[in-house]
Structure formats: C-alpha cells, structure tokens
Number of protein chains: 2
Amino acid sequence: MPPTLRPAARGRARGVLSLEAIVDEAMRIIDREGIDEVSMRRIAGEFDTGPASLYAHVANKDDLLAHCLRRVVSEVPMPTGETWQELVRSWAFGTHNTFVAHGDIVRLTFGTIAEGPKFVDIMERILGALQAAHVPPRVATWGLDVLSLYVAADAYEGWIMGRIFEDRSGRPTAEVGQEYFQQFAERLAALPAKQYPAMTPNLTSLMSGGGDERFAFGVDTFIAGMAAQVPAEGADRADG
Amino acid sequence: MPPTLRPAARGRARGVLSLEAIVDEAMRIIDREGIDEVSMRRIAGEFDTGPASLYAHVANKDDLLAHCLRRVVSEVPMPTGETWQELVRSWAFGTHNTFVAHGDIVRLTFGTIAEGPKFVDIMERILGALQAAHVPPRVATWGLDVLSLYVAADAYEGWIMGRIFEDRSGRPTAEVGQEYFQQFAERLAALPAKQYPAMTPNLTSLMSGGGDERFAFGVDTFIAGMAAQVPAEGADRADG
DNA sequence: CTTAGCAACGAACACCGTTCGCCAGGACTC
DNA sequence: GAGTCCTGGCGAACGGTGTTCGTTGCTAAG
C-alpha cells in the first residue's frame with residue numbers, strides 16, 4: 001500500500017476535527033487578524049486536511065461565523081449596578097469590552113437580532129430596572145436597541161482604527177494613532193480662520209480624547225437623553 | 001492579420017473607459033446590489049474588456065470604492081433649521097437619507113475620517129450654532145462624532161435587514177419584515193411569564209415601530225442628552 | 001457477514017483581485 | 001520625415017477564494 005498512508009496516522013497533527021475545534025481555530029484567527037483572514041482552506045490546513053473536510057461539521061462559511069458570533073455573544077457578562085443608569089452603562093461597557101476582545105466579529109451583529117438564553121436574562125434584568133424606574137416601555141426597549149447599535153458601531157470602528165495604526169510598523173499603537181489624527185488636525189488648522197470661525201477654535205476638542213473616553217461620552221449622553229424622557233416622579237399618575 | 005480585429009471597432013459598446021465612467025458603473029451596482037457584488041471583472045465586462053483595463057484609471061479596488069464613497073459623501077445636503085437641535089437633527093437625517101440611497105456603501109465609513117470641502121462647510125455651520133447656544137466644545141464635537149457613528153450604523157443595519165426581507169421572494173418588503181420580527185416575538189412570548197416578569201409586558205413595544213421611527217427616536221434621544229449637558233442660561237459666567 | 005451511514009478528502013468549478021508583458025497610437029524631439 | 005517615449009488598452013496568467021462532486025474507508029447495526 002504505497003500510495004495510502006496508514007490511515008490512523010495520517011493528518012490531524014493538531015487535534016481531531018470537530019465543530020468545536022473548528023470554531024476554536026476560527027476564533028483564534030479572528031481574535032488576532034480579523035474575519036477576512038478566516039478561510040476554509042486555512043482552517044482545514046491547521047488540521048492537515050482540505051477544505052471539503054470542514055463541510056461535514058459546518059454548513060458553509062457563514063454558518064461557521066455564526067457559530068463564532070454565538071460564542072462571543074454568550075460571553076457578554078451580566079451587568080451590575082444600583083440604578084437603571086448604572087445598569088445600562090454597565091451593560092454597554094460589558095458588551096463593548098467583549099466584542100473588542102474578539103477582533104472585528106462585531107460586524108456580524110449588524111442586521112442580526114441577538115438571541116440566546118443568557119441574552120434574554122440580561123434583557124430581563126435591565127428592563128426590570130427600567131420599568132421599576134418608570135421609564136416608558138418605548139424609551140426602554142428602543143433605547144436598548146439604539147444603544148446596542150452604537151456599541152457595535154464603536155467597537156467595529158475601534159478595530160479598524162487599531163488595524164490602521166498597527167500597520168505603521170512597530171511603534172506603540174496610541175502614539176501612531178495620535179500622529180494619524182494630527183495629520184487631519186493640521187489640514188483643518190490650515191483653513192482660513194475668517195471663513196471658518198466656528199471650526200478652528202473647536203479643533204483641540206475635536207481631536208482630544210482617546211477612543212474609550214469618547215465611547216463613554218456617547219453612552220452617558222444617550223443615557224441622559226433617556227432619563228430626560230422619564231416622567232417626573234409622582235406626576236405621571238394622579239391616582240396611585 | 002486574422003487574429004487581431006480592427007482595433008478601433010473592438011469593444012466599448014457601452015461608452016469609453018474613464019475614471020468617471022468606472023465609478024458610475026460601480027455606483028450602479030452598489031445602489032442596486034451592494035458592495036460585495038462589485039467586481040473588477042464585472043465592471044470591465046460592462047465596457048466589453050478585461051479587468052486589467054481598469055487599472056489605468058484606478059489604483060486598485062479599494063481605491064475605486066474610495067472614489068465611490070467620496071462621491072456619496074459629497075451628496076450629503078447642507079442641514080437647515082433655526083435651533084441647534086433642528087440643525088443637528090436635519091444633518092443626521094440628511095446623512096442617513098443619502099447613505100440609504102446608496103446600498104451598503106455606508107459600511108466604508110467605519111474607520112474613515114470624513115473630509116472634503118463640503119463636509120467642512122457643514123461642520124462649520126453646525127458647530128457655529130452649537131457654539132452660539134453655549135454647548136460646551138467637547139459636547140459639540142464629540143456629540144457630532146458619536147451621532148455620525150450612529151447614523152452610519154443604522155443605515156448599514158437597515159440595508160442588511162432590507163436585503164434579508166427582499167430575499168423572501170416577491171412580497172412587499174414591509175410585510176415580510178413584520179413577519180420576520182413576528183418569529184422572534186413568538187419565541188419570546190413563549191417564555192415563562194413568571195420567570196421573565198419585565199420582558200413579557202415589553203414585547204409589544206419591543207417589536208413596534210418601523211426602522212425610520214426608531215432611527216428618529218435614537219437621534220432625538222441623543223440630542224436630548226446633549227441638551228442636558230448645556231449649562232443653564234446665564235449661569236455659566238458671572239462676569240460677562 | 002453484509003450493509004447502511006457518515007466523516008474524510010482529492011479534485012475540480014467558477015469565481016476573485018492583481019500583475020506581467022505586449023501592442024497600438026499619439027506626441028514630442030532631432 | 002524618422003525615431004523615441006509614453007500611455008491607455010488588454011489577453012493571459014498567478015495565487016487565492018467558497019463550494020460541490022464522487023469516492024474512500026471505517027464503524028455500527030442488522
């Protein structure tokens with residue numbers, strides 16, 4: 001039997017093929033390089049086989065990525081806090097942190113309705129607090145929907161920015177980022193101050209702050225906007 | 001000369017090759033089918049030639065798409081309104097409408113810092129109004145940044161949703177969308193009301209409203225949050 | 001012992017973005 | 001007028017992609 005090697009000894013240098021192992025490998029690539037670097041051939045290569053072998057465990061690439069997304073979503077921690085504001089804030093940060101830790105997988109959340117038992121539990125917890133604080137149901141549900149969209153957008157943008165910065169060979173990411181923005185600042189500073197009286201004095205604040213600070217600002221501002229739509233205490237119902 | 005056809009008569013059935021014509025064709029595909037359907041071969045095919053011909057006018061595919069994005073960004077209208085709130089709202093809607101009209105090109109805005117003379121003019125207009133209304137510079141600049149991220153995220157999500165719905169063969173998009181969400185509503189309604197006392201009564205508002213309504217809610221809520229950070233009139237400076 | 005089912009997988013299909021090298025024609029120089 | 005350079009056009013090819021087909025070999029059930 002010269003052509004066929006001993007079957008049991010062939011391949012699988014790095015473990016046996018299974019759905020979990022495939023998702024593991026895909027997550028490893030996503031975490032370090034992003035979704036676009038995931039290919040069926042590359043994953044299969046890690047198991048010393050061809051891409052066709054994966055299709056016994058996964059319907060197609062989208063299905064594989066959906067499995068990855070489900071795993072990440074299940075990692076989002078239960079938020080903590082006393083007030084509904086703290087709870088919503090904690091949830092936004094927890095979700096943000098979870099996605100930021102997993103490359104650009106967050107981009108798969110666009111157009112996806114979150115599910116899973118753990119997610120439902122988290123929603124129950126937050127909606128309960130909002131309801132108890134007399135936040136109108138529409139403000140509560142739509143507010144969480146909007147906020148989740150913002151969280152995803154910021155996490156995605158952050159990943160793209162980070163990739164641009166680290167491409168500039170070596171150097172600390174924050175430093176390269178600062179330099180990157182400086183280019184835009186200079187181009188804006190070159191504008192005639194007479195023609196742009198409002199723009200130029202705002203340049204410093206326009207460029208100030210890191211990504212995390214700006215994200216916190218967005219979350220807090222939106223929560224403040226929700227709070228502004230809560231009817232004044234004791235004024236909503238005359239009888240009670 | 002049997003193999004070589006008359007050079008002048010060959011090809012170009014649909015116009016002569018130029019940067020503008022290539023971008024036109026790419027935009028046509030993006031508007032109707034989305035970025036992923038744009039390929040160098042397909043565009044070249046519309047001009048009865050091969051993909052290599054495009055590289056005389058465009059550095060690569062990313063460059064081509066960047067040209068498309070620039071064109072769309074330049075279509076964003078100057079916002080109108082009396083108060084800064086109206087102005088910001090008008091800008092958010094104008095930007096949203098513009099991107100929604102051009103497929104999923106909005107996804108290219110993530111990680112991109114907007115530029116162009118027209119964009120700077122718009123920023124000048126809005127920042128001027130915010131400054132005149134004593135909105136703190138940080139709230140003004142970061143607020144617009146956050147809002148633009150939300151606008152992009154909502155436009156992108158809307159495109160993905162629309163594509164899912166229209167895939168369901170014929171039928172009006174809105175109807176299919178309602179049915180799509182109904183599936184989730186039913187799954188949530190099946191939860192034990194005892195274990196999820198906050199979730200179940202919120203189901204109707206969770207599922208209510210169309211995309212435009214929810215987008216308007218998000219914008220208005222965020223503007224309210226910005227307004228909450230404006231110091232009370234006459235209280236910011238004792239001397240003045 | 002036979003047979004059914006299934007994971008494994010080599011080969012191929014139809015694409016993709018990009019590069020190479022050649023060609024034709026216009027413009028400019030001598 | 002002849003020669004040279006430049007540039008847009010473009011056929012062919014390279015190395016990649018996701019997916020499918022048809023076959024193999026193993027294992028468990030009958």
Side-chain angles (χ1 to χ4, degrees), chain A residues 1-26 29-30 33-69 104-105 107-108 167, chain B residues 1-26 29-30 33-69 104-105 107-108 167:
Chain A
M1 56 177 87
T4 30
L5 310 176
R6 280 153 291 133
R10 211 223 280 101
R12 284 164 230 171
R14 272 159 284 215
V16 71
L17 221 46
S18 73
L19 174 59
E20 210 191 328
I22 293 172
V23 173
D24 281 347
E25 182 56 31
I29 299 174
I30 291 172
E33 305 175 41
I35 288 180
D36 286 341
E37 298 308 312
V38 173
S39 86
M40 303 301 266
R41 277 179 172 77
R42 180 171 172 184
I43 293 178
E46 290 295 324
F47 295 93
D48 288 323
T49 180
S53 304
L54 305 180
Y55 287 81
H57 305 272
V58 152
N60 49 40
K61 194 185 179 183
D62 280 354
D63 183 39
L64 166 56
L65 293 178
H67 273 99
C68 293
L69 178 60
D104 60 340
I105 202 174
R107 85 167 192 217
L108 299 180
D167 269 3
Chain B
M1 53 178 83
T4 30
L5 309 176
R6 280 154 292 132
R10 209 219 285 99
R12 282 164 231 171
R14 271 159 286 211
V16 70
L17 222 46
S18 74
L19 174 59
E20 210 191 327
I22 293 173
V23 174
D24 281 346
E25 181 57 31
I29 299 174
I30 292 172
E33 305 175 41
I35 289 179
D36 286 341
E37 298 308 313
V38 173
S39 87
M40 303 302 265
R41 277 178 171 78
R42 179 170 172 184
I43 292 177
E46 290 294 325
F47 294 92
D48 288 322
T49 182
S53 303
L54 304 180
Y55 287 81
H57 306 271
V58 152
N60 50 40
K61 191 184 180 182
D62 281 354
D63 183 38
L64 167 56
L65 293 177
H67 273 97
C68 293
L69 178 60
D104 60 341
I105 203 176
R107 84 165 193 218
L108 298 180
D167 269 3

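The basis for the numbers below is simple: all heavy atoms, side chains too, and nothing from hydrogens, waters or symmetry mates. Order of the sequence lines sets the chain letters (A, B, ...), proteins ahead of strands, with each chain counted from 1.
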Less than 4.0 angstrom between a side-chain N/O of [X] and OP1 or OP2 of [N], yes or no?
X       : N     : result
B:Thr49 : D:dG9 : no
B:His57 : D:dG9 : yes
A:Ser53 : C:dA8 : no

Heavy atoms, side chains only, cut-off 4.5 Å: are A:Val23 and A:Val58 in contact?
no
Does the side chain of A:His67 reach to within under 4.5 Å of the side chain of A:His57, using non-hydrogen atoms?
no
Quick one: [atom1] on [X] to [atom2] on [Y], what's the gap to the nearest 0.5 Å?
X       : Y        : atom1 : atom2 : result
A:Ile35 : A:Leu108 : CD1   : CG    : 3.5 Å
A:Lys61 : A:Leu65  : NZ    : CG    : 6.0 Å
A:Ser53 : A:Ile43  : OG    : CD1   : 12.5 Å
B:Asp36 : B:Ile30  : CG    : CD1   : 10.0 Å

So if I take every side-chain heavy atom of [X] and compare against [options], which nucleotide ends up nearest?
X       : options                : answer
A:Ser39 : C:dT19, D:dT17, C:dA8  : D:dT17
B:Ala56 : D:dC21, D:dG8, D:dA12  : D:dG8
A:Ala52 : D:dG18, C:dA11, C:dT18 : C:dA11

To the nearest Å, how far apart are [X] [atom1] and [N] [atom2]?
X       : N      : atom1 : atom2 : result
B:Asp36 : D:dG18 : CG    : P     : 13 Å
A:Leu65 : D:dG18 : CG    : C1'   : 12 Å
A:Leu17 : C:dA7  : CG    : P     : 11 Å
B:Tyr55 : C:dC16 : OH    : P     : 11 Å
B:Asn60 : D:dG16 : CG    : P     : 19 Å
B:Ile43 : D:dG9  : CD1   : P     : 15 Å
A:Lys61 : C:dC16 : NZ    : P     : 16 Å
B:Phe47 : D:dG11 : CZ    : P     : 15 Å

Could you run down the sub-3.5 Å N/O contacts of the protein with nucleotides 27-29 of chain D?
none

Matching residue for A:Leu64 among A:Ile22, A:Leu69, A:Leu19 - test: side chain to side chain contact (heavy atoms under 4.5 Å, CB included):
A:Ile22
For the side chain of B:Arg41 and the base of C:dG17, is some donor closer than 3.5 Å to an acceptor across the two?
yes
With a non-hydrogen cut-off below 4.0 angstrom, is B:Val38 in contact with a base, only sugar-phosphate, or nothing?
sugar-phosphate
